[in-house]
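Just passing along the structure, written as structure tokens.
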Amino acid sequence: MLRTLVTLLLLSSAYVIATPVNSTFIGRACASHPSDEKVLEYEAHFAAHKVEKESFSTDAAAAATVSVYFHVISKDTTTAGGNVPDSQLAAQITTLNQDYSGSGLTFTLAGTTRTVNSQWFNQVGPDSSLQTTMKKQLRQGGANALNVYTVGFVSGSGAGLLGYSTFPSDYSSNPTDDGVVMLFSSVPGGSTTNYNEGKTLTHEAGHWVGLYHTFQGGCSGSGDSVSDTPAEESPASGCPTGRDTCSSAGVDPIHNYMDYSYDRPFNRSCMNQFTAGQISRLQSQIRTYRSISA
């Protein structure tokens, strides 16, 4: 029987996690995002160390290509068992480049590893020793390389998750932990209902380049630290037209890649945009922490 599940985990780590499940969904929910205290820490560090574009050489400024390493973890050699085919990985790169087309970034497939390990596939999750071992054995490249691990999120601390990511400022303290872990069946053409257009990686890569959820901080405070994303009290589910959860100007940004709307419900695009402010922020973040200038 197909199961529906929304798991709410209160974690205080650096990870950002999008939930639910491997088949059908009642909607996404935020399983974890940085506490207000953690955000203050991140933002204070960013303000003190921010690198301006003028600091980069012409060669560095032209090198806005992100090398992507896919690490396909499966329980067996079948597609249903997690062995994502090369065609779907290529489609995922295409989706990333479409979704980030206004950012100055280009994503390119740099390599793919394939590992049959049922324990990793089933049980890897945030802050688990299994994911630490997996990343230490498989991660490639430096701060400017996006490592993506596709797993099943069947049990353990990752049960029911859609994905999670580290932030750019986390890299220096724990380089081998850097990257995205995501549900294998949420790639383009995957089997996860409402979440199989590849937007999961677009969203998680957004955290990897320094963006918070649009609902970070709710209706008060500095929110997601971006001025042109309207405040949002809580994550959206589905594709709710006209949703407005805060009294400040602007309806909820339910079309934003950093919310939790469906990829493409009812054959219409829902999750489909970054704002100019988000692009400016991510460019500053990756200049500062990943030596990438877009």
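Note that this is a predicted model, so its numbers are computed, not measured.
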Next item on the list: Decide yes or no for D224 and L211: does some side-chain heavy atom of the first lie under 4.5 Å from some side-chain heavy atom of the second?
Entry: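 Result no, sub-4.5 Å side-chain heavy-atom pair not found.
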
Checklist line | N/O donor-acceptor pair under 3.5 Å between T275 side chain and D228 backbone | finding: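 Judged by distance alone, no pair lies under 3.5 Å.
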
Note to self: Testing T200, N196, D263, L201 one by one against S186 for a side chain to side chain contact (heavy atoms under 4.5 Å, CB included), which residue passes?
What the structure shows: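 Result for side chain to side chain contact (heavy atoms under 4.5 Å, CB included) with S186: T200.
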
Next item on the list: Answer with yes or no whether the hydrophobic clustering places M134 together with V84; edges join I, L, V, M, F, W, Y residues whose side-chain heavy atoms lie under 4.5 Å apart.
Entry: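 Yes, M134 and V84 fall within the same hydrophobic cluster.
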
Next item on the list: Measure the spacing between OH of Y149 and OH of Y69 and express it to the nearest 0.5 Å.
Entry: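 Between Y149 OH and Y69 OH, I get 11.5 Å after rounding to 0.5 Å.
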
Margin query: Any side-chain to backbone donor/acceptor pair from T202 onto D99? Under 3.5 Å, distance only.
Written below: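 Not at all, since once roles are kept as given, no pair shorter than 3.5 Å links the two residues.
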
Item checked: Salt-bridge contact R243-D252 (side-chain N to carboxylate O under 4.0 Å) ->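 A salt bridge links R243 with D252.
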
Checklist line | Atom pair OG/CG of S220 and D36 - distance to nearest 0.5 Å | finding: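 The OG atom of S220 sits 7.5 Å away from the CG atom of D36.
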
Notebook entry, point to check: Are any of the side-chain heavy atoms of V51 and Y289 separated by less than 4.5 Å?
Noted result: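 No, every pair of side-chain atoms sits at 4.5 Å or beyond.
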
Item checked: Whether H255 side chain and C270 backbone form a donor-acceptor pair below 3.5 Å ->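 The answer is yes, because a donor-acceptor pair under 3.5 Å joins these two groups.
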
Notebook entry, point to check: Does a side chain donor of either T77 or N83 reach within less than 3.5 Å of an acceptor in the other side chain?
Noted result: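 No pair is found: no donor N or O on one side chain lies under 3.5 Å from an acceptor on the other.
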
Item checked: For F70, all residues meeting ring pair (Phe, Tyr, Trp, His ring centres under 6.0 Å), sequence neighbours excluded ->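 Expected list: none.
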
Next item on the list: Check whether V148 and L89 end up in the same hydrophobic cluster, where Ile, Leu, Val, Met, Phe, Trp and Tyr are linked by side-chain heavy atoms less than 4.5 Å apart.
Entry: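 Yes, because V148 and L89 connect within a single hydrophobic cluster, where side-chain heavy atoms sit under 4.5 Å apart.
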
Check: What are the two closest non-hydrogen atoms of S293 and A64, and how far apart are they?
Finding: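 Closest approach of S293 to A64, heavy atoms only: O-CB, 3.3 Å.
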
Check: Is D259 paired with K199 through a side-chain N to carboxylate O contact shorter than 4.0 Å?
Finding: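 A salt bridge is absent here (no side-chain N lies under 4.0 Å from a carboxylate O).
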
Notebook entry, point to check: Given the rule that I, L, V, M, F, W and Y join up when any side-chain heavy atoms are under 4.5 Å apart, are F46 and I279 in one cluster?
Noted result: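 Looking at the clustering, I279 is in a separate group from F46.
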
Note to self: Rounded at 0.5 Å granularity, tell me how far CH2 in W120 sits from CD1 in I73.
What the structure shows: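 Answer for the CH2-CD1 pair, W120 versus I73, is 6.0 Å.
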
Item checked: disulfide bond (SG atoms under 2.5 Å apart): pairs with one or both residues in residues 140-229, sequence neighbours excluded ->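 For residues 140-229, and leaving out neighbouring residues, the disulfide bond (SG atoms under 2.5 Å apart) pairs sorted by first residue read C219-C246.
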
Next item on the list: Please confirm whether H203 and Y164 have ring centers closer than 6.0 angstrom.
Entry: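 No, the ring centres sit 6.0 Å or more apart.
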
Notebook entry, point to check: Is the backbone of S103 close enough, under 3.5 Å, to the side chain of Q283 for a donor and an acceptor to pair up by distance?
Noted result: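 It does hold such a pair.
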
Checklist line | Derivation of the ring pair (Phe, Tyr, Trp, His ring centres under 6.0 Å) call for F184 and F153 | finding: CA-CA 9 Å; F184 79 98; F153 290 138; 9.7 Å; no

Notebook entry, point to check: Where do T166 and G179 come nearest, in terms of heavy atoms and distance?
Noted result: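 Nearest pair, atom of T166 first, then G179: OG1-N, 3.0 Å.
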
Next item on the list: Could you tell me whether a side-chain N or O of S291 sits under 3.5 Å from a main-chain N or O of R287, the two making a donor and an acceptor?
Entry: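 The answer is no, because no donor-acceptor pair under 3.5 Å joins these two groups.
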
Item checked: Side-chain donor or acceptor of S222 paired with backbone N/O of S225 under 3.5 Å ->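 No, the answer is negative, given that no donor and acceptor are paired below the 3.5 Å cut-off.
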
Notebook entry, point to check: Under 3.5 Å, is there a donor-acceptor pair between the side chain of R139 and the main chain of G141?
Noted result: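 Looks like yes, one N/O pair under 3.5 Å.
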
Checklist line | Exercise: identify the closest heavy-atom pair between S74 and G82 | finding: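 Of all heavy-atom pairs spanning S74 and G82, the closest is CB-C, 3.5 Å.
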
Check: H71 and T113: side-chain hydrogen bond (donor to acceptor under 3.5 Å, both in side chains), yes or no, with the steps?
Finding: CA-CA 5 Å; H71 305 289; T113 68; 2.7 Å; yes

Notebook entry, point to check: Hey, what do you get for CD (Q216) to OG (S35), rounding to the nearest 0.5 Å?
Noted result: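 Rounded to the nearest 0.5 Å, the CD-OG separation comes out at 8.5 Å.
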
Item checked: F274: partners by ring pair (Phe, Tyr, Trp, His ring centres under 6.0 Å), with sequence neighbours left out ->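 Counting only residues at least two positions away or on another chain, F274 forms a ring pair (Phe, Tyr, Trp, His ring centres under 6.0 Å) with Y100, Y257.
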
Notebook entry, point to check: Which distance, rounded to the nearest 0.5 Å, do you find between the CG of L96 and the OG of S101?
Noted result: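 It comes to 11.5 Å.
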
Margin query: Within the structure provided, determine whether V68 and I93 are in side-chain contact (heavy-atom separation under 4.5 Å).
Written below: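 Yes, at least one pair of side-chain atoms sits under 4.5 Å.
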
Check: Given side chains that start at C-beta, do those of E43 and E41 come closer than 4.5 Å, heavy atoms only?
Finding: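 In short, these two side chains do not touch, never coming nearer than 4.5 Å.
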
Note to self: Please find the pair of heavy atoms, one from F215 and one from S234, that lie closest to each other, and give the distance.
What the structure shows: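 Shortest heavy-atom contact: CB-C, 3.8 Å.
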
Checklist line | Y212 side chain reached by Y42 side chain, heavy atoms, under 4.5 Å | finding: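 Heavy-atom side-chain distance check passes, below 4.5 Å.
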
Notebook entry, point to check: Any link between L138 and V116 through a network of hydrophobic side chains (Ile, Leu, Val, Met, Phe, Trp, Tyr) touching at under 4.5 Å?
Noted result: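 No, separate clusters.
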
Next item on the list: Specify the closest pair of heavy atoms between P253 and P230, including all atoms of both residues, with the distance to one decimal.
Entry: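 The pair with the smallest heavy-atom distance is CD-O, 3.5 Å.
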
Check: Should V226 and W208 be regarded as members of a common hydrophobic cluster, given that ILVMFWY residues are connected when their side-chain heavy atoms come within less than 4.5 Å of each other, either directly or indirectly?
Finding: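 In one cluster with V226: W208, no.
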
Note to self: Can you tell me which residue among L130, V181, N174, V124 is in a side chain to side chain contact (heavy atoms under 4.5 Å, CB included) with K135?
What the structure shows: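 Only match with K135 under side chain to side chain contact (heavy atoms under 4.5 Å, CB included): V181.
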
Checklist line | Check: S169/H45 side-chain N/O donor and acceptor closer than 3.5 Å | finding: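 Not at all, the side chains of S169 and H45 share no donor-acceptor pair under 3.5 Å.
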
Next item on the list: Please tell me if the side chains of N144 and S67 come closer than 4.5 Å, counting only heavy atoms from C-beta onward.
Entry: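 SC-SC contact between N144 and S67 ruled out.
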
Next item on the list: Run through T245, T214, N256 and flag the one making a side-chain hydrogen bond (donor to acceptor under 3.5 Å, both in side chains) with E232.
Entry: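 One option only clears the test, and that one is T214.
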
Check: So which heavy atom on V154 is nearest to which on A159, and how close?
Finding: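 That would be O-CB, 3.7 Å.
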
Notebook entry, point to check: Just wondering, do L161 and L183 contact through their side chains at under 4.5 Å, heavy atoms?
Noted result: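 No. Closest side-chain heavy atoms not under 4.5 Å.
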
Next item on the list: Can you measure from CD1 (I292) to CG (L105) and round to the nearest 0.5 angstrom?
Entry: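 Rounded to the nearest 0.5 Å, the CD1-CG separation comes out at 6.5 Å.
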
Checklist line | SB check K38 D170 (cutoff 4.0 Å) | finding: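 Looking at K38 and D170, the cut-off is not met.
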
Next item on the list: Would you check if the side chain of T115 reaches a backbone N or O of N117 as a donor-acceptor pair within less than 3.5 Å?
Entry: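 No, the answer is negative, given that no donor and acceptor are paired below the 3.5 Å cut-off.
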
Check: Looking only at atom types and distance, does a side-chain atom of S157 sit under 3.5 Å from a main-chain N or O of P126, one as donor and one as acceptor?
Finding: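 Judged by distance alone, yes, a pair lies under 3.5 Å.
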
Notebook entry, point to check: Should H213 and H207 count as side-chain neighbours, where that means a heavy-atom distance under 4.5 Å?
Noted result: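 Yes, at least one pair of side-chain atoms sits under 4.5 Å.
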
Notebook entry, point to check: Does the R281 side chain pair with the main chain of G210, one donor and one acceptor, at a distance under 3.5 Å?
Noted result: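 Judged by distance alone, yes, a pair lies under 3.5 Å.
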
